[in-house]
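Reading through the structure tokens given below for one structure.
All heavy atoms count here, side chains included; hydrogens, waters and symmetry mates do not. Numbers here are sequence positions counted from 1. All values derive from a computational prediction rather than experimental measurement.
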Amino acid sequence: MPEPAHQPDPDTQHTLLQEIDALQSRLNELEEELEHLGRLATLGTLAGVIAHEVNNILTPVLSYAQLAQQSLDDQDLVEKALKKAVHGAESASKIADSVLGFARKESGPPLSDVRAVVYEAMSCLVREPERDGIQVDIDVPRGLLAGIGALSLHQVLMNLILNSVRAMKQGCGRLRVRARGCSTWNGAEPGESAAIDAIDVEVEDTGPGIAPDRLLHIFDAFHTRNAADGSSKKGTGLGLAVCRRLVEGAGGAISVESELGRGTRFRIHLPAAPKGVEPSTTDVR
């Protein structure tokens with residue numbers, strides 16, 4: 001008869017279980033750090049645009065302040081300079097608030113007002129896409145509450161929107177963001193209202209599209225969304241990998257369709273928030 005397999009003693013088993021728990025805890029920490037690094041990498045991509053826009057805000061403020069300083073007796077000019085300074089400070093503060101809010105870590109319940117998060121993500125672009133000839137079409141009805149943290153959804157949408165804008169920047173185009181509640185009967189009787197138990201969000205652009213060989217690995221870590229012509233785009237390759245982890249972590253799914261020369265569409269399928277639960281605020285900050 002074969003000898004029975006050797007079983008570790010209870011103390012060894014306890015030590016192994018402790019080590020496994022410690023490794024799992026560290027893995028969870030590393031995953032959280034990866035998400036945070038993904039947000040910082042996105043901010044790094046935006047850094048040049050942020051600096052440019054802040055400079056555009058400060059330039060007229062400085063010019064009017066210098067003129068007013070040279071003509072202190074001209075009350076109209078001084079008043080105009082002060083108004084310019086206030087307006088500039090408010091605009092710069094809004095940019096700073098968006099940046100700081102995006103950089104922080106997630107907190108609060110896994111719940112987000114989809115419409116509010118979409119508009120917050122658009123405001124974080126700092127520079128309006130229309131200024132680069134990109135038409136923006138947002139079709140997100142009020143009242144759609146998704147079962148995902150607001151900052152997590154914000155990070156996902158920010159990455160997708162930013163990628164689309166960058167893809168179209170040379171040749172203009174159209175950016176479309178839409179969301180819809182998905183209804184199932186769930187045993188409802190005929191004539192009863194269907195229940196919304198999921199939410200679909202789409203981010204679509206009319207950029208150059210993504211080559212099929214690149215599309216297969218688009219959600220892999222360290223794989224960047226390059227243009228169809230193979231030209232290199234700066235990036236960390238973490239954005240879409242982190243997006244998939246955040247969406248799947250909320251019980252959802254993310255997919256992509258793309259056609260060369262016609263554009264790309266990302267679709268996010270998320271569970272709806274439980275009934276009776278309301279977000280404490282519509283601002284992801």
### Task
Check Ile196 against Gly181 and note the closest heavy-atom contact, atom names and distance.
CG2-CA, 3.9 Å

### Query
Quick one: salt bridge (Lys or Arg N to Asp or Glu O under 4.0 Å) partners of Asp200, sequence neighbours excluded?
none

### Summary
Tightest non-hydrogen contact, residues Ala179 and Val114, listed as CB-CG1, 4.1 Å

### Message
Any non-hydrogen side-chain atom of Leu246 less than 4.5 Å from a side-chain atom of Leu153?
### Response
no

### Message
Do Leu175 and Ile138 land in one hydrophobic cluster if side-chain heavy atoms of ILVMFWY residues count as linked below 4.5 Å?
### Response
yes

### Query
Can a salt bridge be assigned to the pair Arg180 and Asp139 using a cut-off of 4.0 Å between side-chain N and carboxylate O?
yes

### Query
Got a sec: does the CD of Glu248 have more than 12 other heavy atoms crowding it under 6.0 Å?
yes

### Message
Can you list everything that forms a side chain to side chain donor-acceptor pair (under 3.5 Å) with Arg176? Sequence neighbours excluded, please.
### Response
none

### Query
If you round to the nearest 0.5 Å, how far is CD1 of Ile218 from CZ of Arg244?
11.0 Å

### Summary
For Gly147 and Ala250 the tightest heavy-atom approach is O-CB, 3.7 Å

### CG-CG distance between Leu240 and Leu160, expressed to the nearest 0.5 angstrom
6.5 Å

### Query
When you measure from the side chain of Ser112 to the backbone N and O of Ile148, does any donor-acceptor pair fall under 3.5 Å?
yes

### Query
Taking only residues two or more places apart in sequence, or in another chain, which ones meet Asp74 in a side chain to side chain donor-acceptor pair (under 3.5 Å)?
none

### Query
Of all heavy-atom pairs between Met122 and Pro129, which one has the smallest distance, and what is that distance?
CE-CG, 4.1 Å

### Task
Enter the distance from Ile210:CD1 to Asp213:CG here, rounded to the nearest 0.5 Å.
11.0 Å

### Query
Leu72 and Gln69: which non-hydrogen atoms are nearest, and at how many Å?
CG-O, 3.6 Å

### Message
Holding to salt bridge (Lys or Arg N to Asp or Glu O under 4.0 Å), I want the full list of residues that pass it with Glu257, two or more places apart in sequence or in another chain.
### Response
Arg265, Arg267

### Test item: Thr206 side-chain N/O and Arg174 main-chain N/O as donor-acceptor pair under 3.5 Å
yes

### Query
Is any side-chain heavy atom of Asp113 less than 4.5 Å from a side-chain heavy atom of Leu145?
yes

#### Entry: Heavy-atom side-chain proximity of Val140 to Tyr119 below 4.5 angstrom
no

### Gap separating the CZ atom of Arg166 from the CG atom of Asp205, nearest 0.5 angstrom
12.5 Å

### Task
Could you list the residues that satisfy side chain to side chain contact (heavy atoms under 4.5 Å, CB included) with Val247, not counting sequence neighbours?
Val156, Ile254, Ile268, Leu270

### Beyond-backbone contact of His269 with Cys182, side-chain heavy atoms, under 4.5 angstrom
yes

### Task
Locate the shortest heavy-atom distance separating Leu215 from Ser258; write the atom from each residue and the value.
CD1-CB, 4.0 Å

### Task
Begin from the C-alpha positions of Glu130 and Val136 and carry the test side chain to side chain contact (heavy atoms under 4.5 Å, CB included) through to its verdict.
CA-CA 7 Å; Glu130 291 87 350; Val136 177; 3.6 Å; yes

### Query
Can you tell me how far the CG atom of Leu111 sits from the OG atom of Ser152, to the nearest 0.5 Å?
12.0 Å

### Message
My understanding is that only residues two or more places apart in sequence, or in another chain, count here; which of them pass side chain to side chain donor-acceptor pair (under 3.5 Å) with Arg262?
### Response
none

### Message
If I take atom CE from residue Met158 and atom CG from residue Asn163, how far apart are they, to the nearest 0.5 angstrom?
### Response
10.5 Å

### Hydrophobic cluster membership, Phe266 vs Leu216, 4.5 Å side-chain cutoff
no

